[in-house]
2 protein chains.
Amino acid sequence: MSANSRLTIAAHALAWIGLYQRQGHEVATSEQIATSANTNPVVIRRLLGELRRAGLVESRRGVGAGWSLARELGSMTLLDVYEAVEPGPLFAMHRTTPDQGCVVGYGIQPAMQRIYEGIEQTLRHELARVTLEDVLRDVLAAPR
Amino acid sequence: MSANSRLTIAAHALAWIGLYQRQGHEVATSEQIATSANTNPVVIRRLLGELRRAGLVESRRGVGAGWSLARELGSMTLLDVYEAVEPGPLFAMHRTTPDQGCVVGYGIQPAMQRIYEGIEQTLRHELARVTLEDVLRDVLAAPR
DNA sequence: CGCAGTCGTAACAACGAAGGTTGCAACAAG
DNA sequence: CTTGTTGCAACCTTCGTTGTTACGACTGCG
């Protein structure tokens, strides 16, 4: 599976903004977050843009601009972040339609679809159990 | 997430071989399976090769060669197939190490690692609940 | 022994997703 | 007006997956 770090980076950015705000700052810049995540500011802006569309963060422009949380970390779950940054389903069907004249080719897609939906539902349930507040607490609990 | 159809195709192939054997045939060829899945025989051989390494199928060479199940479909779960064909973890960490001088950069990876491990464990548990026998039953239950 | 059918596998192209980079317009505070 | 930042488009690179061709290895059969 093409391992995808979008959820990780998004959680990193949210935790960073949350901590920075608790230290008394109004907004965080994509530059600062990019430095912490060791990546490019544009990558962060792209990702935060998706989180903004999902209502998790807000951005200000102009001088002294930057990003702030739109909600408390405790009210944001990894599921919110996952849905904001991951478009497609976890498992895909065949890229080309299987042979509909074959019994297996005909029945396999509805069968797998049903199974996959159940599994994704469970995954969502698990993601919803973890808030970004939990993530930040875990981050700060790391031994130095 | 780069949607991945490997698990789907592998389940398709196993169900096909299983059904074919129940119809009295000894072995199935990659050509036949590829026709049903509407793909290339080499793709099927590659995938079945991984399933062979995992002990799920066997292959014979020479004239009248082909593939057969190494176990009953009822004793194979989607987890067995998943582990045979999906190498990496579901979610990835940062591609480059985050800033270790930053509190968040330092603590984020262990924190997310722990969370992801729990989620993958749940995913495995769900996959282990479905046998290939279940899949084949669902496939044959499709209305025509 | 030779033929034919099939697997085993390497090599390469095609494709798409994701990340990285550059450039620049839009915006707003001072 | 200047400055710092977002918003966004365009493009490249990298990587994983799939598709395709080619060919050697193997084995049952005549």
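Hydrogens, waters and symmetry mates play no part in the numbers below; they use all other heavy atoms, side chains included. As the structure is a computational prediction, the values presented were derived from the model and not from experiment. Naming: A, B, ... by sequence-line order, numbering from 1 per chain.
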(message) If I take atom CG in residue B:Leu47 and atom P in nucleotide D:dG16, what distance separates them, rounded to the nearest angstrom?
(response) 17 Å
(request) Would you mind reading off the distance between A:Leu48 atom CG and D:dG7 atom C1', rounded to a whole angstrom? (result) 12 Å
(request) Give the intermediate values and the outcome of side-chain contact (heavy atoms from CB on, under 4.5 Å) for residues A:Tyr106 and A:Asp99. (result) CA-CA 7 Å; A:Tyr106 180 81; A:Asp99 179 7; over 6 Å; no
(message) Whole angstroms only, please: what is the CD-C1' distance between B:Gln32 and C:dG5?
(response) 12 Å
(message) From CG of B:Leu90 over to P of D:dG16, roughly how many Å is that when rounded to an integer?
(response) 16 Å
(request) With DNA chain C as reference, determine whether B:Val42 or B:Thr96 sits nearer its 5' end, using the nearest nucleotide of each. (result) B:Val42
(message) Please report the distance, rounded to the nearest Å, between CD1 in A:Ile44 and P in C:dT21.
(response) 12 Å
(message) Go nucleotide by nucleotide along DNA chain D from the 5' end; which of B:Ile9 and B:Arg95 gets its closest nucleotide reached first?
(response) B:Arg95
(request) Check whether any side-chain N or O of B:Ser59 sits under 4.0 Å from OP1 or OP2 of C:dC7, and answer yes or no. (result) no
(request) Using whole Å, report how far CZ of A:Phe91 lies from P of D:dT17. (result) 13 Å
(message) Using OP1 and OP2 only, check whether a side-chain N or O of B:Thr39 sits under 4.0 Å from D:dG19.
(response) yes
(message) Let's see if you can work this out: which of C:dT21, D:dT20, C:dG19 has an atom nearest to the side-chain heavy atoms of A:Arg6?
(response) C:dG19
(request) Measure from CE on A:Met93 to C1' on D:dT18 and round the result to the nearest Å. (result) 17 Å
(message) With a cut-off of less than 4.0 Å, is there a side-chain N or O of B:Arg45 near OP1 or OP2 of C:dG8?
(response) no
(request) Could you tell me whether A:Glu133 and A:Arg22 make a salt bridge, using a distance below 4.0 angstrom between a side-chain N and a carboxylate O? (result) yes
(message) Can you measure B:Glu50 atom CD to C:dG8 atom P for me and round it to whole angstrom units?
(response) 13 Å
(request) Answer yes when A:Glu117 and A:Arg114 have at least one side-chain N-carboxylate O distance shorter than 4.0 Å, and no when they do not. (result) no
(message) Which heavy atom of A:Trp67 sits nearest to which heavy atom of A:Gly49, and what is that distance?
(response) CH2-N, 4.0 Å
(message) Strictly distance-based, threshold 3.5 Å: is any side-chain N or O of A:Thr131 a donor or acceptor partner for the main-chain N or O of A:Thr77?
(response) no
(message) For a quick check, tell me whether the side chain of B:Arg60 and the base of D:dG28 share a donor-acceptor pair closer than 3.5 Å.
(response) no
(request) Kindly state which residues belonging to residues 62-71 of chain A come within less than 4.0 angstrom of DNA chain D, counting heavy atoms of the residue only, listed by number. (result) A:Gly62, A:Val63, A:Ala65, A:Gly66, A:Trp67
(request) Check whether the side chain of A:Arg61 and the base of C:dA28 form a donor-acceptor pair under 3.5 Å. (result) no
(request) State whether a side-chain donor-acceptor pair under 3.5 Å links A:Ser36 with A:His12. (result) yes
(request) Return the orientation label for the B:Tyr82 and A:Phe91 ring planes: parallel under 30°, perpendicular over 60°, tilted otherwise. (result) perpendicular
(message) Measuring to OP1 and OP2 of C:dT21, would you say a side-chain N or O of A:Asn40 lies under 4.0 angstrom away?
(response) yes
(request) Indicate the atoms forming the closest heavy-atom contact of A:Asp138 with B:Ala111, along with that distance. (result) CB-CB, 3.6 Å
(message) Just to be sure I understand the rule, does A:Arg46 reach a base, reach only the sugar-phosphate, or reach nothing, if contact means heavy atoms closer than 4.0 Å?
(response) base
(message) Would you say B:Asn4 places a side-chain N or O within less than 4.0 Å of OP1 or OP2 belonging to D:dT17?
(response) yes
